Protein chains: 2
Amino acid sequence: MRSLVQGAAPGTPAPSERELVSQFGVARMTVRQALDALVVEGLLERMPGRGTFVARPRRERGQVTSFSEVVARRGQVAESTTVLARLEQAGPGVARALQTDPGAAVVHWKRIRRAGGETICIQDAYLTPETVPGLLDALPESLYQALDRHQLRPTWSEDAIRADLVSDEERTLLDLTGEDPSPVLRVARRALHDERVVEVSSSVYRTDRFTLHLQLGPAN
Amino acid sequence: MRSLVQGAAPGTPAPSERELVSQFGVARMTVRQALDALVVEGLLERMPGRGTFVARPRRERGQVTSFSEVVARRGQVAESTTVLARLEQAGPGVARALQTDPGAAVVHWKRIRRAGGETICIQDAYLTPETVPGLLDALPESLYQALDRHQLRPTWSEDAIRADLVSDEERTLLDLTGEDPSPVLRVARRALHDERVVEVSSSVYRTDRFTLHLQLGPAN
DNA sequence: CAGTGGTCTAGACCACAGT
DNA sequence: CTGTGGTCTAGACCACTGG
């Protein structure tokens with residue numbers, strides 16, 4: 001059924017409902033329900049009295065994206081260097097964010113992240129050990145890919161974005177050479193799969209090499 | 001029909017479809033379509049074999065919000081002082097963003113924005129004169145409310161977020177007293193109603209008083 | 001087991017576009 | 001006018017859930 005839509009240019013008329021009825025030998029309600037699904041997906045557009053047409057691709061909603069995905073969208077390849085990957089005892093802040101108890105064992109993964117060979121960001125990610133078992137034994141290239149494999153890709157994220165000055169330690173890690181105070185973007189993220197917190201992270205971006213782009217959608 | 005859902009606690013079972021059929025004297029397909037609409041709205045949840053239930057309120061999607069709304073959500077009142085409100089000739093950047101021609105007349109509205117009496121942000125907003133006719137003659141409290149009245153509330157926005165150091169001029173406007181370099185959050189926004197650009201703005205936020213909070217939703 | 005939602009049929013009438 | 005999608009009827013069978 002999807003084949004009606006696959007390669008077609010936006011605005012192309014779809015076969016009429018009655019046409020599909022006789023073509024597939026089913027009831028019109030059945031055809032309508034199948035088309036409804038495609039309309040909800042944004043692939044088709046109905047126009048009463050005129051017909052059904054291939055919709056122009058809808059703009060992307062504000063959705064959860066990982067660093068790797070953001071970089072890939074720029075046409076670059078994301079690389080990273082692991083600075084630290086170990087079990088730690090959760091401090092009070094991380095524990096609260098991860099919905100676990102202070103002192104509980106949590107995975108802490110700190111990376112320097114690069115795009116096109118240039119250092120962009122320092123990221124500290126925390127997750128509970130059960131979320132991705134064996135993560136520390138075989139570090140993946142992308143955390144979100146690893147979450148994917150466990151059907152735990154974030155469906156929601158809560159981000160807090162601030163500007164700040166870089167600290168001395170961060171200055172070194174970010175390859176910032178000058179003496180001047182350098183502004184950075186700090187992003188604190190809590191990523192959830194349904195109601196389960198799967199990742200808590202804190203990232204510091206070089207603002208000279210990274211602008212955060214967002215597309216926010218309509219209320220519903 | 002909506003009344004079935006209005007005040008009910010999440011998890012409350014709705015009447016079964018067949019029950020509604022006999023209660024309203026309509027066909028089951030009709031009941032289903034009515035319920036489908038509420039399911040799409042996120043008010044109801046179907047559970048095959050069990051029944052239909054009042055859904056727990058879905059998390060809010062990443063959606064376009066105005067400064068006034070953000071502040072209101074904090075429980076504060078947004079205030080602003082107009083620094084400048086006049087017609088100007090569009091420069092190349094503003095013209096491109098507004099999809100108009102360089103040199104065309106555009107409305108430029110510059111405000112200092114406050115919340116709870118504290119200065120938070122400087123905002124330069126640009127729009128075409130036709131978007132909100134008479135805007136300069138009677139400045140509203142909220143630009144988005146004015147857009148609302150013309151059925152032009154933004155349905156999409158494209159935001160670019162950077163960290164930067166405050167300029168000398170901005171330092172004064174933002175009531176920043178110290179001598180130290182102060183980091184600020186710069187947000188460039190292009191707000192669209194469907195395909196029409198209704199607002200282009202550039203905002204500078206005091207990061208000590210403002211953190212940008214986002215909730216991003218699932219891919220679809 | 002009985003009750004639920006999920007799906008389907010084969011009709012019907014309506015409001016609306018375009019000719 | 002004809003053809004479109006929008007809505008509706010009065011049944012039917014299925015897969016699933018819970019007691």
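Predicted, not measured: the structure shown is a model, and the values here were computed from it.
The interatomic distance linking B:Leu44 (CG) with C:dG5 (P) rounds to 11 Å, in whole Å.
Ion pair B:Glu130/B:Arg196 not flagged as a salt bridge, since none of the NZ, NE, NH1 or NH2 atoms sits closer than 4.0 Å to an Asp/Glu carboxylate oxygen. By the 4.0 Å N-to-carboxylate-O rule, A:Glu45 lies too far from A:Arg50 to be salt-bridged with it. Between B:Glu199 and B:Arg189 there is no salt bridge, since none of the side-chain N atoms of the basic residue sits less than 4.0 Å from a carboxylate O of the acidic one.
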Checking side-chain contact (heavy atoms from CB on, under 4.5 Å) for the pair B:Asp148/B:Arg153: CA distance, chi angles, key distance, verdict?
CA-CA 5 Å; B:Asp148 256 341; B:Arg153 160 160 276 271; 3.2 Å; yes
Per-residue pairing states of DNA chain C in dot-bracket (Watson-Crick or G-U under 3.5 Å; . unpaired, | other strand) read ||||||||||||||||.|.
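Shortest non-hydrogen contact noted between B:Ala146 and B:Pro140 is CB-CG, 3.8 Å.
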Please tabulate the protein-to-nucleotide N/O contacts below 3.5 Å involving nucleotides 4-12 of chain D, giving atom names and distances.
unit_1	atom_1	unit_2	atom_2	d
D:dT4	OP1	A:Ser16	OG	3.3
D:dG5	OP1	A:Thr52	N	3.3
D:dG5	OP1	A:Thr52	OG1	3.0
D:dG5	OP2	A:Glu17	N	3.0
D:dG5	N7	A:Arg18	NH1	2.8
D:dG5	O6	A:Arg18	NH2	3.1
D:dG6	OP2	A:Arg32	NH2	2.2
D:dG6	OP2	A:Arg46	NE	3.1
D:dG6	OP2	A:Arg46	NH1	3.4
D:dG6	N7	A:Arg28	NH2	3.3
D:dG6	O6	A:Arg28	NH2	2.5
D:dT7	O4	A:Arg28	NH2	3.1
D:dT9	OP2	B:Ala27	N	2.8
D:dT9	OP2	B:Thr30	OG1	2.3
D:dA12	N6	B:Arg28	NH2	3.4

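Here the side chain of B:Arg190 pairs a donor or acceptor atom with the backbone of B:Ala97 at under 3.5 angstrom. Between the side chain of A:Ser157 and the main chain of A:Asp159, no donor-acceptor pair closer than 3.5 Å is present.
A donor and an acceptor atom, one from each side chain of B:Arg209 and B:Thr119, are nowhere located under 3.5 Å apart.
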